[in-house]
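Worksheet for the structure shown next.
Owing to the predicted nature of the structure, the values given are computational and were not obtained by experimental measurement. Counting starts at 1 for both ligands and their atoms, following the listed order.
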Amino acid sequence: MAKQKKFIFVTGGVLSSIGKGIAAASVGMLLEQRGVRVTMVKMDPYLNVDPGTMSPFQHGEVFVLDDGAETDLDLGHYSRFVHNANFTRKNSFTTGRIYDTVIRRERAGGYLGKTVQVIPHITDEIKRHILDATQDADLAIVEIGGTVGDIESLPFLEAIRQMKVEYGSENVLFVHLTLVPYIAAAAELKTKPTQHSVKELREIGIQPDILLCRTDRRLTQEVKEKIGLFCNLPASQVFTAIDVKSIYEVPLDLHEEKLDEKIVEKLNIWTPEPNLSKWKAMVGRITDPKGTIKIGIVGKYNDWRDSYKSLSEALTHGGVANDVKVEMLYIDAEKVENGDLSELKAIDGVLVPGGFGERGIEGKMKAIEYARTEGVPFFGICLGMQLAAIEYARNVCGIKEANSAEFKPEGKSNVIDLMESQKGVKDLGGTMRLGAYPCNILSKHNGKPTRAYQAYGSEKISERHRHRFEFSNRFRKEIEEKGLLVSGAFKDSKTGIELVEMVEIPSHPWFLGCQFHPEFLSRPLSPHPLFSAFIKASKEASQQAQRPLPGMKSEKANANPSAKKMAAGVKKAVLNAKKSSRQDALL
Ligand code: GLN
């Protein structure tokens, strides 16, 4: 008989943003490290068919998978914590997708005259989607988006309630993440919000098996017992989910609490202890780094934390690879556009990430020009690469009107133009160039390895995409002749058209743009090569800038104002030297 599949359903209570995705991903990581074949699923209770059309400002970043699915940002967490699961569009679905499927089937006459209802038709469809997503795994961890008590999530909760009855208690576990706040005035941890949240769950027939209590201090045995009493479960099934410095510490802490041991006991799975040594070493490099570098991310979103989740994680991973902490400074592109370069001057590397729309683009280009002419390491991703090409066309090639068709559809000098495959596309949802495509890397230029090749060490790579516009082949020759090297390209065998995937300036300390999104493939245990290389270059730039004068100790340089001035002079000299050698190379 086939092994019985097991399910863990993760719900959240009290309020959002208390880390349900990370908690679910941490459980996945611990069980994978115990040798269980794990997969993960996210069910989101909104009506958009997928998050692809939603503003990242509203709902956080859109995480793209190899198959081109535009998914919830939690899929990013799952991908960074669980390594062997192959996530596809099946692993992230929404109420919109469920209703779309049911309504299409109804229109096709698939319900044979029945009245189509939330129970059982919508709940059956949810269960079908869960099973479809979890085929290859022994254990599926399914996270329900939103907070218990929301009207929207009720059909999902009803579906998982039914699954516990159908599959049995030994095969289905309900994990509930809740908040236990410390109230300073009473000098006490308060359990009432948790009690209320569990009461809501029990009213709809779900008794949590495990409570993860997010808190800023460890729960005492007494508090656990009180929660257990009011929430109808043994205190041994109540766990502290304490605030930690790095998200990658969460699974280690939950393991200390023996959460994974309790889960395998409840699900009756026999597994060895997890091997966490590599993970611990990685966390050690994050929490105890050897130095700090500053990366400026030039963008337009006010709240960029969730909009650029994978990006900031990939930068952290690049820091792990180079044993430095990467401090990320958000630089408002509109401020730069208005001429304020002060923040740019305080950083070791400039990153212009992906984006859509015209707002802030001139500021981003000013930042790129600054990095290019000052010899500051620059990394442009998707829109960032497109703007680097436009900036180069305008300021080095003299194509003054250079622009993108995204911002100037009728422009005569659209160095960035609509892709052939996008012409005539009307619907916005799911229609960009999405997902994994191969890219060929140029290994050498003028006898020297390209930056792209130096990073990857390979001539064939595959990366994930999400864009409509591309580097126009009309301008490629002219721009390449002036020194912007195309170091990565993809030749579409169907159309014979070659798409530019990577550009770089060979004479610059590190200036590289890519049309794809490398951040989606970076993992804490295997940092992405481009992020590692960018952070390495930025670290070198920072060290050059800080190198004390001969015979001078760096502490003194910091303590003594005139020495500080001299050190600043050295930095300027280094940058000027770089600038002139670069200009020599370009002219
Ligand atoms: N807006 C640009 C395009 O659609 C860039 C997209 C992106 O940065 N993801 O091509």
Side-chain angles (χ1 to χ4, degrees), residues 50-57 59-66 68-71 73 76 297-301 304 306-312 314 333 350-365 367-368 378-391 393 402-409 411 414-437 439 463-475 488-490 492 497 499-503 512-522 528 530:
D50 64 40
T53 53
M54 287 158 89
S55 155
F57 184 41
H59 193 71
E61 96 179 348
V62 175
F63 189 79
V64 180
L65 301 175
D66 272 351
E70 297 175 282
T71 70
L73 63 75
I297 302 170
V298 189
K300 72 172 175 180
Y301 292 108
W304 60 283
D306 273 359
S307 324
Y308 295 135
K309 194 87 219 156
S310 295
L311 181 80
S312 55
V350 175
L351 193 148
V352 178
F356 297 84
E358 195 167 11
R359 186 155 65 86
I361 63 150
E362 293 300 328
K364 291 179 192 181
M365 276 192 276
I368 296 169
F378 166 77
F379 192 9
I381 296 177
C382 207
L383 179 67
M385 175 207 110
Q386 297 177 351
L387 296 178
I390 298 171
E391 191 280 324
N403 216 316
S404 164
E406 182 176 2
F407 317 123
K408 216 175 174 197
N414 284 338
V415 169
I416 303 299
D417 211 347
L418 195 60
M419 279 186 285
E420 222 27 67
S421 57
Q422 289 291 324
K423 293 189 175 149
V425 170
K426 294 256 174 337
D427 275 356
L428 291 185
T431 56
M432 281 186 259
R433 179 179 182 227
L434 290 166
Y437 285 86
C439 164
E463 292 281 359
R464 295 181 187 170
H465 295 69
R466 184 171 187 252
H467 64 114
R468 280 186 209 286
F469 299 86
E470 60 164 333
F471 190 118
S472 166
N473 285 326
R474 263 201 313 143
F475 293 90
F490 163 70
D492 187 345
I497 296 176
L499 300 181
V500 171
E501 293 279 9
M502 300 176 84
V503 296
L512 187 142
C514 55
Q515 184 59 80
F516 46 79
H517 288 270
E519 68 272 28
F520 294 140
L521 292 186
S522 191
H528 191 284
L530 289 181

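Nearest to atom 7 (C) of ligand 1 among the protein's heavy atoms is Cys382 SG, 3.0 Å. With hydrogens left out, the protein atom closest to atom 10 (O) of ligand 1 is Phe469 N, 2.9 Å, a heavy atom. In terms of protein heavy-atom proximity, atom 9 (N) of ligand 1 is nearest to Arg466 O, 2.9 Å.
Between the Lys300 side chain and the Glu358 main chain, no donor and acceptor come within less than 3.5 Å of each other. Within the 3.5 Å criterion, the main-chain N or O of Glu519 finds no donor-acceptor partner in the side chain of Ser522. Counting only distance, with no hydrogens or angles, the side chain of Arg433 and the backbone of His467 share no donor-acceptor pair below 3.5 Å.
Using 4.0 Å as the threshold, Glu470 has no heavy atom nearer than that to any atom of ligand 1. Ligand 1 lies nowhere less than 4.0 angstrom from a heavy atom belonging to Met432.
Residues Phe516 and Tyr437 keep their aromatic ring centres 6.0 Å or farther apart.
Below 3.5 Å of separation, one finds an N or O of Arg468 facing an N or O of ligand 1.
Here atom 2 (C) of ligand 1 lies nearest to Glu406 when heavy atoms of His467, Glu406, Met385 are compared. When the heavy-atom distances from atom 5 (C) of ligand 1 to Gly357, Gly384, Gly355, Gly354 are ranked, the shortest goes to Gly355.
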